[in-house]
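A quick write-up on the structure given underneath.
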Protein chains: 2
Amino acid sequence: MAATIQDVAKAAGVSVGTVSRAMNNYPDISARTRERILKVAEELKYRPNLVAKSLSSKHSKDIALILSGFLEDVMFNDFETMLMKGCYQFAFEHGLDISMYVINSRTQEEKSYGQLCYEHNIAGGIIFGIKSTDPYFTSLADSQNPCVTIDVEVSGKNVSSVTNDHMAAFDELTQYLIDQGHRRIALVCGRKNATVTAQRMDGAMRALERNGLRPPGDSVIYTNFLKEEATEGVTGFLKTHREEGVTAFLCMSDMLAIGTVEALKKAGARVPEDYSVVGYDGLYVTEYTDPRLTTVDQNIKDKGYEAAHLLFDMIEGRRSAQRLILPHKLEIRDSVKRLEI
Amino acid sequence: MAATIQDVAKAAGVSVGTVSRAMNNYPDISARTRERILKVAEELKYRPNLVAKSLSSKHSKDIALILSGFLEDVMFNDFETMLMKGCYQFAFEHGLDISMYVINSRTQEEKSYGQLCYEHNIAGGIIFGIKSTDPYFTSLADSQNPCVTIDVEVSGKNVSSVTNDHMAAFDELTQYLIDQGHRRIALVCGRKNATVTAQRMDGAMRALERNGLRPPGDSVIYTNFLKEEATEGVTGFLKTHREEGVTAFLCMSDMLAIGTVEALKKAGARVPEDYSVVGYDGLYVTEYTDPRLTTVDQNIKDKGYEAAHLLFDMIEGRRSAQRLILPHKLEIRDSVKRLEI
DNA sequence: CACACTTACAAAAACGTTTTCGTAAATCTA
DNA sequence: TAGATTTACGAAAACGTTTTTGTAAGTGTG
């Protein structure tokens, strides 16, 4: 069917090794021969079989985007999409081959990261969505293949991470709420053992303390980052804590903020007139909610792009493992009311 | 590093061919030997190298999800994500390897679908986003590799398509608007030469005619499916057509509907009090807009799932090329006002 | 017990590349 | 111009599997 390297060799009257050298711009070949071979290859519409190439050559340049939990949760929709766009953008610009794999906690047990790379002849991967209880969380450190984790820090000499300064960002977000006159703030939290949860919690505490405000105490609603849990939690909270004068909800993700707004509306309250709500992530959807959500934009697409960039440089030996911290941006929109006191 | 089939063979005291037979549940091997080999493989944590497997064996079972224009437009976000989820869901359930490739009109010229499959040793692909002007649109028909297109019909004995009955769905949506008392309806159209545009247009016309209503005439706003174009188009429309008594906007996609709502709000009108708006697609985001959008849910995730299902069956020779039409569902929410006349 | 047939495996070819090694021919050096 | 070096290429090994072919041993048949 399709032309192989042998066909080209035969047509050009040279050996396959010479064709290979011509195609890959190797030395050890005369300019005249190269051109002749290239012309023949063009005529035969020759395309190297990447599988054979991959098997034969020691070093692959292919990278993978490895998503854990992609099929489980419906909520990080935009997050993962933006991440993909960033990764594919970089790969596209640099002519890299990138493939996406979906894993979960169970498949992590069955197959290690190293095995995944070996099986598919992948140089390295960008890993998103692993929890601290996942097998990968610890095993990544031993891997020969470089990798870049998103928002999770794993030690290991071949492991980089790309993240934001979640503490500073959440501090900023909390400060904004305080600047707008809010004094009693409830916290809608993400998964308790998630790295990002702890970081954001620290940021909130730092801002509250700096302003001489009490920590939220029992005004904390814990969730597993699911919108519905926020709705449920906030609904319960309103029933039991109505007297405490909370005026704002500080949410650890946009989806939690959306769930919070839902609960507030359901309880007959208006946002932001009765309660202010802020989110975190900068999801696409926050532009279209009612009201438009004030949030911190993580610039997720850039995160994907930079993760791919860093991974590529690690593979090529140009950069060593590192922690890359990307800038964030407070997006002020319509979900916070300014309180005059 | 990792154990190869030779290591297993040596450790078990058999030839590599025998190990291969044991691993793949082939006949021509005694139960006793198979068990022994399997145990040794287990001990050595042997995992076959998929690249070598792919190169060696004639028939691959790997499928690809091929997205055209994924990096260009920011708008079909949810659409593509849901499609992915469906495809990966099926692949996951059936232990298939699936990889995602991003192409565009230019790369389609450089490399045919057949070449893409050949290079990556892919059995077949699910193709989304190609336009009727794209090289793939015609060349797909010649390909040896089976494929499934989404929402686009390409003839060819190895080409299936998965779609909805867009005409019936749009008819239904239009009828709903009419049932709610709307008589003067403006149409916000998608890309003129897109298959889906024509189908939806036909549906709208059929419903209008059946009810003895005039076709929209010059109350048609053309776009390329971009939200901003809808906003712009509707803003212009309001200036020139205010007297004509249009009460509703029938949009060919959810993003167009969102753009339309934006234009209406900007012009000081309320939705649905002053104007009703309906969308089409059933994107995730329509649950969160203000007001929540009445739309037709295409069930995009199912589309991905069924496309993967069909492709897999075609590869295995269980199903032949066909046109699969999936059900849709009218989602009535808050963006349409009932007019009493 | 001689013959055909089956079973269970080893050996080797094949997949399409890259890469190593070896070597004539061309070029340089003194 | 003889020797050393470089250039340009062919031949063949290697990558890790699957698949084909061949065959010794075992099993059945009359």
Side-chain angles (χ1 to χ4, degrees), chain A residues 1-38 40-41 44-62 97 114-123, chain B residues 1-38 40-41 44-62 97 114-123:
Chain A
M1 194 62 247
T4 73
I5 201 171
Q6 344 260 359
D7 299 330
V8 178
K10 201 174 295 175
V14 295
S15 73
V16 291
T18 306
V19 176
S20 178
R21 281 187 286 262
M23 298 300 296
N24 296 291
N25 270 322
Y26 282 151
D28 247 30
I29 185 172
S30 73
R32 219 163 50 86
T33 313
R34 166 179 295 127
E35 297 224 351
R36 187 161 45 90
I37 292 175
L38 256 35
V40 171
L44 293 179
K45 287 181 185 302
Y46 166 68
R47 286 258 163 196
N49 181 316
L50 298 185
V51 173
K53 199 165 181 161
S54 180
L55 177 62
S56 171
S57 86
K58 305 284 161 290
H59 37 272
S60 144
K61 282 190 181 178
D62 299 349
D97 229 28
Q115 282 171 328
L116 181 82
C117 290
Y118 173 73
E119 281 185 358
H120 293 92
N121 212 286
I122 280 164
Chain B
M1 192 66 246
T4 73
I5 201 171
Q6 343 259 0
D7 299 330
V8 178
K10 200 175 293 174
V14 295
S15 74
V16 292
T18 306
V19 176
S20 177
R21 280 188 289 264
M23 298 300 296
N24 296 291
N25 270 322
Y26 282 152
D28 246 32
I29 185 171
S30 73
R32 218 161 51 88
T33 313
R34 166 180 294 129
E35 296 223 351
R36 188 159 47 89
I37 293 174
L38 256 37
V40 170
L44 293 179
K45 287 181 184 303
Y46 166 68
R47 287 258 162 197
N49 181 316
L50 298 185
V51 173
K53 199 166 181 159
S54 180
L55 178 61
S56 171
S57 86
K58 305 285 161 290
H59 37 272
S60 145
K61 282 189 182 180
D62 299 348
D97 229 29
Q115 282 170 328
L116 182 81
C117 290
Y118 173 73
E119 281 184 358
H120 293 93
N121 213 285
I122 280 164

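Each chain gets a letter, A, B and so on, in the order its sequence line appears, and its residues count up from 1. Values below: all heavy atoms of this structure, side chains included; hydrogens, waters and symmetry mates excluded.
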Worksheet item: Where the side chain of B:Arg36 meets the backbone of B:Ala12, is there a donor-acceptor pair that is under 3.5 Å apart?
Response: yes
Worksheet item: Quick one: A:Ile5 CD1 to C:dC15 C1', roughly how many Å, whole number?
Response: 13 Å
Worksheet entry | Interatomic distance, A:Arg32 CZ vs C:dA26 P [rounded to whole Å] | 12 Å
Discussion item. Can you identify which nucleotide, out of C:dT17, D:dC15, D:dA8, has its nearest atom closest to the A:Ala52 side chain?
Written reply: C:dT17
Discussion item. Can you identify which nucleotide, out of C:dT17, D:dC15, C:dA11, has its nearest atom closest to the A:Thr4 side chain?
Written reply: C:dT17
Worksheet item: Which of these nucleotides, D:dT18, D:dA8, C:dT20, is closest to any side-chain atom of A:Asp28?
Response: D:dA8
Fill in: Any B:Val14 side-chain heavy atom under 4.5 Å of B:Val19 side chain
yes
Worksheet item: Is there a side-chain polar atom (N or O) of B:Tyr26 under 4.0 Å from OP1 or OP2 of D:dT18?
Response: no
Worksheet item: Quick one: is A:Ser56 getting a side-chain N or O under 4.0 Å of the D:dC15 phosphate, OP1 or OP2?
Response: no
Discussion item. Measuring to OP1 and OP2 of D:dC15, would you say a side-chain N or O of A:Ser57 lies under 4.0 angstrom away?
Written reply: no
Fill in: Euclidean distance, atom CZ of residue B:Arg21 to atom P of C:dA8 [Å, nearest integer]
11 Å
Discussion item. For a quick check of understanding: with a heavy-atom distance under 4.0 Å over all strands, which category does A:Ile29 fall into, base, sugar-phosphate or nothing?
Written reply: sugar-phosphate
Discussion item. How many whole angstroms separate atom CZ of B:Arg34 from atom P of C:dC9?
Written reply: 10 Å
Discussion item. Please report the distance, rounded to the nearest Å, between CD1 in B:Ile37 and P in C:dA10.
Written reply: 8 Å
Worksheet entry | Test item: A:Arg21 side-chain N/O and A:Arg34 main-chain N/O as donor-acceptor pair under 3.5 Å | no
Worksheet entry | Short side-chain N/O contact to C:dT18 OP1/OP2 from A:Asn24, under 4.0 Å | yes
Worksheet item: Given D:dC9, D:dT17, C:dC9, which nucleotide is nearest the side-chain atoms of B:Asn49?
Response: D:dT17
Worksheet item: Does D:dT18 have OP1 or OP2 sitting under 4.0 Å from an N or O in the side chain of B:Ser20?
Response: yes
Fill in: D:dC9 phosphate, OP1 or OP2, under 4.0 Å from A:Thr33 side-chain N/O
yes
Fill in: Note, A:Asn24 side chain near A:Lys53 side chain (heavy atom, < 4.5 Å)
yes
Discussion item. Nearest to the B:Val14 side chain among C:dG16, C:dA10, C:dT19, which nucleotide is it?
Written reply: C:dA10
Practice prompt. Mind calculating the distance between CG (B:Leu50) and P (D:dT17) to the nearest angstrom?
Written response: 9 Å
Discussion item. Can you tell me if B:Thr18 touches the phosphate of C:dA10, counting only side-chain N or O atoms and a distance under 4.0 Å to OP1 or OP2?
Written reply: yes
Worksheet item: Could you state the CG-P distance from B:Asp62 to D:dT17, rounded to the nearest angstrom?
Response: 15 Å
Worksheet item: In terms of side-chain heavy atoms of B:Gln6, which of C:dA11, C:dA8, D:dG16 is nearest?
Response: D:dG16
